Amino acid sequence: MELIKTSNELTQRLTFEKKNGKLIGFVPTMGALHEGHLSLVEQAGKECDTVVVSIFVNPTQFNDPKDLERYPRDLDTDMTLLADTSCELVFAPSVEEVYPQTDERVFEFGQLDEVMEGEHRPGHFNGVAQVVSRLFDMVKPDKAFFGQKDFQQLAIVRDMVRQLNFGTEVVACPIIREPDGLAMSSRNRLLTQKHRKSAPLIAKTLSESCNFVQSKSVADTKKFVTDAINADENLKLEYFEIVDGQTLQAVDSWSESNYIVGCIAVFAGDIRLIDNVVYKFA
Ligand code: PAF
């Protein structure tokens with residue numbers, strides 16, 4: 001496995017791979033790797049010949065400077081974890097390498113980024129689109145792998161790929177959970193003991209709410225989830241939306257779409273956690 005820090009080196013290395021007909025798989029990350037990331041690398045290894053993992057904490061997607069400052073960074077441990085995977089190239093560029101000039105691009109995602117994360121984290125998805133498009137320009141991957149935990153991010157990345165005509169296939173991979181159900185996230189390690197203890201209630205509640213699809217209304221389901229989360233003094237619900245899995249627009253009844261997902265954001269202390277559950281997929 002090789003560590004590469006500049007886009008020139010990366011281009012050189014990948015030109016060689018592509019000349020040899022290798023299919024390039026790409027897993028973009030912000031480091032602080034966990035089993036969730038490693039499952040993306042594993043999937044990339046199954047589907048592609050050469051796997052590139054980027055590690056870059058992208059400043060343009062943080063709407064909260066405190067969140068950017070405390071975002072965990074640990075390249076050595078990340079490298080150790082990746083050494084046991086099918087990752088061949090680790091791309092860990094500096095901010096100047098990714099953004100030689102300030103990225104002034106403003107993306108239009110219509111209703112896709114007006115809701116949920118887009119509403120509560122203004123500018124976040126514009127930053128995600130900036131960095132993912134910059135990285136795609138450098139890596140030119142055949143396939144890129146993203147976790148389904150960031151459900152809205154997947155929709156945004158797909159739309160960006162369509163808008164900018166990247167020939168990259170976006171592959172969605174399932175959420176990986178801790179044994180107690182908590183969706184894996186780099187931010188989990190920032191939780192205090194008491195917040196970590198409460199956090200599995202998020203997944204437990206989403207899972208229980210699946211039983212509602214047969215017998216209760218969308219409004220009842222929203223109330224059940226909201227009340228269950230807020231009943232725990234260590235958790236505070238930011239939003240829980242039941243949406244169409246394609247358009248991300250809220251639905252009022254289960255019959256409105258064949259693809260319905262519940263998306264949640266919860267503060268556990270000052271750490272923000274997201275998760276989601278697929279209620280209907282036809
Ligand atoms: O999901 C993430 O970790 C980030 O948003 C991504 C896709 C690596 C872009 O910085």
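Note that the structure is predicted; figures quoted are calculated from it, not measured. Both ligands and their constituent atoms are indexed starting at 1 by order of listing.
Considering only heavy atoms from C-beta on, Glu119 stays 4.5 Å or farther from Tyr239 through its side chain.
Under the 6.0 Å distance and 45° angle rule, Lys216 counts as a cation-pi partner of Phe212.
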**Message:** Walk me through whether Tyr279 and Ser209 qualify under side chain to side chain donor-acceptor pair (under 3.5 Å).
**Reply:** CA-CA 9 Å; Tyr279 288 121; Ser209 73; 2.7 Å; yes
**Request:** Give the C-alpha distance, both sets of side-chain angles, the deciding distance and a yes or no for side chain to side chain contact (heavy atoms under 4.5 Å, CB included) between Met116 and Val243.
**Result:** CA-CA 10 Å; Met116 303 191 289; Val243 301; 4.1 Å; yes
**Request:** Assess whether side chain to side chain contact (heavy atoms under 4.5 Å, CB included) is satisfied between Phe26 and Phe145, documenting all intermediate values.
**Result:** CA-CA 6 Å; Phe26 179 42; Phe145 298 78; 5.9 Å; no
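Judged by distance alone, with hydrogens and angles left aside, the side-chain atoms of Ser186 form a donor-acceptor pair with the main-chain N or O of Ala32 at under 3.5 Å.
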Identify the protein atoms, limited to N or O, that lie within less than 3.5 Å of an N or O atom of ligand 1, and list each pair with its distance to 0.1 Å.
| unit_1 | atom_1 | unit_2 | atom_2 | d |
| --- | --- | --- | --- | --- |
| ligand 1 | 1 (O) | Gln153 | NE2 | 2.8 |
| ligand 1 | 5 (O) | Gln61 | NE2 | 2.9 |
| ligand 1 | 5 (O) | Gln153 | OE1 | 2.7 |
| ligand 1 | 10 (O) | Gln61 | OE1 | 2.6 |

